[in-house]
Amino acid sequence: MAIQTIAVPDIGGSADVEVIEVCVAVGDTIELEQSLVVLETDKASMEVPATVAGKITKLSVKEGDKVSEGSILVEVETGAAAAGAAAVHTAAADTAPAEPEAEPTAKKSAPVADKPAPATASAQTSAEQSVEVPDIGGADNVDVIEICVSVGDEVAEGDSLIVLETDKASMEVPAPFAGKVVSLSVAEGAKVSQGTVIAVLATTSAATQSDAAEPSPKQAAAAPAPTAAAKAPASAPAGDQNLVVPEIGGAEGAEVIEICVKAGDSISEGDSLIVLETDKASMEIPAAFSGKIKSLSVKEGDKLSAGDVIGVILAEGAAAPAPAESTAATASAHVVSSKDAPVAESAVVAMPSAKPTASAELAATTGFGDSVYAGPAVRKLGRQLGVDLAKVKGSGPRGRLTKDDVRIYVKTIVNDVQTGKISASSGSGIPAMPAVDFSKFGAIELLKMSKIKKLTAANMQRNWLNIPHVTQWDDADITDLEAFRASMKAEGEKRGVKLTPVPFLLKAVASALRAEPSFNVSMHHDGEHIVQKDYVHIGMAVDTPNGLVVPVIRDVDKKGLWELAAEATAIAKKARDGKLTMAEMQGGCFTISSLGAMGGNGFTPIVNGPEVAILGVSRAQIKPVWNGKDFEPRNMLPLSLSYDHRAINGGDAGRFFTYLTAVIADIRKLLL
Ligand code: CAO
């Protein structure tokens with residue numbers, strides 16, 4: 001066992017670069033080349049890969065930290081055979097897919113571009129060769145945004161040397177052959193064009209030396225394809241034209257992850273047709289012609305290579321230049337990092353071989369669609385988890401999505417489902433209400449809903465859809481209660497407290513909840529348990545100018561009538577003044593909704609989940625009640641009890657309601 005530190009490597013001279021993502025945590029077992037952190041300047045993001053495998057014992061940076069070359073990132077406990085960086089590099093090169101064995105058929109079937117468009121090499125000495133910027137489709141003065149190697153590094157053929165970026169696309173320049181970096185001629189921030197010398201590489205073996213001195217057929221094949229732009233006609237053809245996948249840096253079988261158009265769409269040259277993705281890069285394939293899509297021959301999930309037909313367009317024949325051979329504009333690649341990319345994969349992020357057209361300047365940096373800014377790895381994660389990335393808020397610079405953003409999004413939804421905040425089945429299969437233009441029928445005005453009204457609407461719908469309601473009605477005889485209340489009026493005035501029927505109902509419900517604890521429960525979010533409560537907090541619905549709110553009166557069973565009357569009055573005032581805190585509206589076991597002062601014979605109150613029952617109180621009225629001998633005029637209070645039939649069965653409800661009406665009818669029982 002040994003502890004090794006991993007520091008920020010040469011990052012092209014950039015200092016104080018921001019850590020925008022930490023990809024590992026203490027205790028993680030990491031593999032060689034696994035991404036540790038993502039750094040980002042205003043021009044480039046780069047992943048820093050592990051140079052040793054092992055277990056992370058210390059993390060020295062967090063998101064937002066600024067680091068420079070040499071800043072310690074992590075400490076790693078390595079195995080007995082801890083490898084140094086140089087040994088590791090060799091190992092990485094050894095374990096990178098050996099292309100000839102791995103893809104013999106691909107090489108045969110793709111003679112022109114079975115390799116990344118590599119940097120071009122020109123002879124320096126027999127062992128040293130200059131490496132130049134290859135054909136980058138005619139783009140001039142392109143920014144070097146990342147230097148991926150340092151002097152002295154051993155690189156394998158295909159390893160990224162530098163990353164270039166225009167304002168819309170970034171592209172890696174891979175090494176044309178294996179060797180040791182003798183010198184670097186560019187620094188981050190430099191501007192380069194085709195032919196600019198990037199570095200000098202010393203070839204590592206006689207075989208590669210001879211390869212380098214006289215390019216083999218393999219290297220010739222790896223050279224950039226002739227630029228389509230050079231052969232573009234002066235005007236685009238009219239009539240039916242095939243839309244085909246252009247040269248995409250030699251990538252074979254790139255997956256169609258998005259279809260951006262459909263048959264019948266009228267599109268302009270440069271509009272994205274499809275998005276292709278490999279493990280390491282995503283690229284939009286823009287249309288080479290303006291016109292109307294006649295048909296599409298691909299679907300999501302298809303695997304495409306250069307030359308495959310995407311569909312047919314009825315081209316308008318405008319004077320826009322179009323590639324003659326590829327009949328599609330250049331793909332714009334979005335690159336995250338090549339550090340962990342096997343050699344074969346870096347093909348995908350290599351230089352586009354055709355001249356970037358206006359269409360090539362589509363949202364390469366913003367990702368597909370206009371709204372999602374994420375790299376391929378994040379997109380892949382999104383697809384694996386079934387996440388619509390357009391709905392995820394990016395926390396990275398300029399709103400870039402990180403893997404953590406996607407994970408947190410999913411975690412939040414899962415948590416919300418588990419805690420009942422949202423239902424997995426909410427709204428499913430329920431037809432939406434049609435949009436109606438009411439102004440057709442008369443004068444209208446659109447009134448903005450208050451925040452409370454919108455919340456109430458959402459809660460009501462949630463509760464109505466999730467809770468199987470049963471509502472039961474009964475009248476409570478409040479003749480004696482009202483007589484007692486009247487007798488207390490003078491004392492109430494002395495105390496400055498108004499004694500309405502509500503405090504009596506609070507007290508009666510608290511007693512019923514104690515007597516019938518099956519009502520003092522909530523459904524546990526795991527669907528396996530019932531939460532039995534040993535406290536009695538009761539919500540009281542209050543009608544306010546801003547909407548309905550339900551403040552909660554705590555420990556109602558432990559409070560007297562005067563105290564409850566005072567508290568109910570005070571909290572109702574606070575509610576109407578809009579001064580309730582969230583805490584004052586949480587924790588209820590049961591709700592009382594009294595419309596007694598307003599009128600009505602009865603209503604079906606909606607259970608205020610996660611509570612399981614609610615009492616609706618309507619206006620008391622004198623009714624003739626049969627006392628066994630005569631009809632007697634009694635003051636009867638109409639009550640509606642709604643309950644969640646998942647938690648409460650009818651027998652429990654019957655007992656609860658009978659008990660409740662009994663204690664309301666004879667409040668002396670509250671003392672028992
Ligand atoms: N029958 C007859 N009279 C009643 C009554 C009833 N059920 N309930 C209250 N009253 C009387 C009161 O006694 C009072 O009369 P007096 O002044 O003569 O005593 C009068 O109506 C006004 O009472 P109040 O409204 O000031 O006080 P309250 O304690 O009855 O109610 C509160 C307080 C906060 C519950 C109520 O004001 C309120 O906001 N209710 C709205 C509830 C609501 O909107 N629910 C939503 C239903 S949808 O689920």
Side-chain angles (χ1 to χ4, degrees), residues 450 452-453 455-464 467 469 471 473-493 495-509 538-553 556 561-580 584-585 588 590-609 611 613-623 634-644 660-661 664-665 667:
S450 70
I452 291 180
K453 278 206 169 105
L455 269 173
T456 302
N459 286 344
M460 289 295 178
Q461 186 168 31
R462 180 199 67 188
N463 293 334
W464 183 250
I467 300 174
H469 280 69
T471 304
W473 284 268
D474 206 348
D475 286 347
D477 187 336
I478 57 166
T479 314
D480 296 342
L481 183 154
E482 281 298 272
F484 176 70
R485 194 168 71 90
S487 73
M488 290 286 118
K489 202 169 176 187
E491 190 180 339
E493 277 164 14
R495 288 172 177 257
V497 177
K498 188 176 173 193
L499 201 57
T500 68
V502 167
F504 290 90
L505 296 176
L506 283 166
K507 202 69 200 152
V509 167
I538 298 177
M540 180 181 72
V542 180
D543 180 36
T544 80
N546 283 327
L548 177 66
V549 289
V550 186
V552 174
I553 301 175
V556 175
L561 278 174
W562 291 117
E563 194 180 355
L564 289 172
E567 201 171 328
T569 306
I571 206 149
K573 179 174 184 319
K574 207 170 172 187
R576 289 187 180 113
D577 293 345
K579 293 196 172 136
L580 286 178
E584 286 171 320
M585 291 185 276
F590 185 101
T591 291
I592 295 176
S593 177
S594 173
L595 296 177
M598 295 109 180
N601 284 330
F603 60 103
T604 52
I606 297 177
V607 173
N608 186 21
E611 299 165 13
I614 181 169
L615 184 72
V617 183
S618 296
R619 188 164 191 79
Q621 53 180 304
I622 306 293
K623 286 185 184 170
R634 303 293 295 179
N635 198 349
M636 303 302 286
L637 180 68
L639 299 174
S640 323
L641 177 73
S642 291
Y643 57 88
D644 181 342
L660 182 66
T661 50
I664 291 172
I667 51 172

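The first residue of the sequence shown is numbered 1, and numbering continues consecutively from there. Whatever order the structure lists ligands and atoms in, that order sets their numbers, starting from 1. Only heavy atoms go into these numbers, but all of them, side chains included; no hydrogens, no water, no symmetry mates.
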> Does ligand 1 have an atom under 4.0 Å from some heavy atom of Q621?
no
> Sub-3.5 Å donor-acceptor pair from the side chain of R576 to the main-chain atoms of T544, do we have one?
no
> Just to verify, what does I452 make a side-chain contact (heavy atoms from CB on, under 4.5 Å) with, not counting sequence neighbours?
S450, T456, N546, V549
> Please write down residue, atom name and distance for the protein heavy atom closest to atom 44 (O) of ligand 1.
D543 CB, 3.6 Å
> Does R576 approach ligand 1 within less than 4.0 angstrom via side chain, backbone, both or neither, non-hydrogen atoms only?
side chain
> So which of S618, G616, S594 gets nearest to atom 7 (N) of ligand 1, if we judge by its closest heavy atom?
S618
> Using salt bridge (Lys or Arg N to Asp or Glu O under 4.0 Å), reason through R485 and D480 one step at a time and then give a plain yes or no.
CA-CA 8 Å; R485 194 168 71 90; D480 296 342; over 6 Å; no
> Counting distance only, does the side-chain N/O of T471 pair as donor-acceptor with the main-chain N or O of S642 below 3.5 Å?
no
> Given A597, S642, G599, P503, which has its nearest heavy atom closest to atom 22 (C) of ligand 1?
A597
> Tell me the protein heavy atom at minimum distance from atom 35 (C) of ligand 1, and give that distance in Å.
A541 O, 3.7 Å
> I need the nearest protein heavy-atom contact for atom 43 (C) of ligand 1: residue, atom name and distance, please.
L595 CD2, 3.6 Å
> Suppose we measure from atom 27 (O) of ligand 1 to each protein heavy atom; which comes out shortest, and what is that distance?
T500 CG2, 3.8 Å
> If you measure from each non-hydrogen atom of R485 to ligand 1, which part falls under 4.0 Å: side chain, backbone, both or neither?
side chain
> State whether the shortest distance between N or O atoms of L548 and N or O atoms of ligand 1 falls below 3.5 angstrom.
no
> Do R634 side-chain atoms and T479 backbone N/O form a donor-acceptor pair below 3.5 Å?
no
> If you have a sec, work out which protein heavy atom is nearest atom 15 (O) of ligand 1 and how many Å separate them, to one decimal?
K498 NZ, 4.5 Å
> Parallel, tilted or perpendicular: which one describes the rings of F504 and F484, with boundaries at 30° and 60°?
perpendicular
> Short list, please: which atoms of ligand 1 are under 4.0 Å from a heavy atom of L637?
7 (N)
> Are the side chain of H469 and the backbone of Y643 linked by a donor-acceptor contact shorter than 3.5 Å?
no
> Can you tell me which residue among K573, K574, K579 is in a side-chain hydrogen bond (donor to acceptor under 3.5 Å, both in side chains) with D577?
K573
> So, does E584 use its side chain to make a donor-acceptor pair with the main chain of V552 at under 3.5 Å?
no
> Side chain, backbone, both or neither: which part of I614 has a heavy atom under 4.0 Å from ligand 1?
neither
> Find all atoms of ligand 1 within a distance of less than 4.0 Å from any non-hydrogen atom belonging to V617, and give their numbers and elements.
7 (N)
> Under 4.0 Å from any heavy atom of M598, which atoms of ligand 1 are there?
40 (N), 41 (C)
> To the nearest 0.5 Å, how far apart are CG in L595 and CG in N601?
12.0 Å
> With rounding to the nearest 0.5 Å, note down the distance linking CG in L615 to CG in L506.
10.0 Å
> Around atom 1 (N) of ligand 1, find the nearest protein heavy atom and jot down its residue, atom name and distance.
A620 N, 2.9 Å
> Between atom CG of L637 and atom CD of Q621, what is the distance when rounded to the nearest 0.5 Å?
10.0 Å
> Where's the contact between I606 and ligand 1, heavy-atom distance under 4.0 Å: side chain, backbone, both or neither?
neither
> So, using salt bridge (Lys or Arg N to Asp or Glu O under 4.0 Å) as the criterion, who are the partners of K507 when residues are at least two apart?
none
> Quick test: of every protein heavy atom, which one is nearest to atom 6 (C) of ligand 1, and how far off is it to 0.1 Å?
G596 CA, 3.3 Å
> Consider ligand 1: state whether an atom of it lies below 4.0 angstrom from any non-hydrogen atom of K573.
no
> For atom 9 (C) of ligand 1, which candidate among A476, A565, P501 provides the closest heavy atom?
P501
> By number and element, which atoms of ligand 1 are closer than 4.0 Å to a non-hydrogen atom of V502?
28 (P), 29 (O), 30 (O), 31 (O)
> Nearest non-hydrogen atom to atom 47 (C) of ligand 1 belongs to which of A568, G600, S593?
S593
> Looking at atom 18 (O) of ligand 1, would you say a protein heavy atom lies below 4.0 Å from it?
no
> Please determine if K498 and E493 form a salt bridge, counting it only when a charged side-chain N lies under 4.0 Å from a carboxylate O.
no
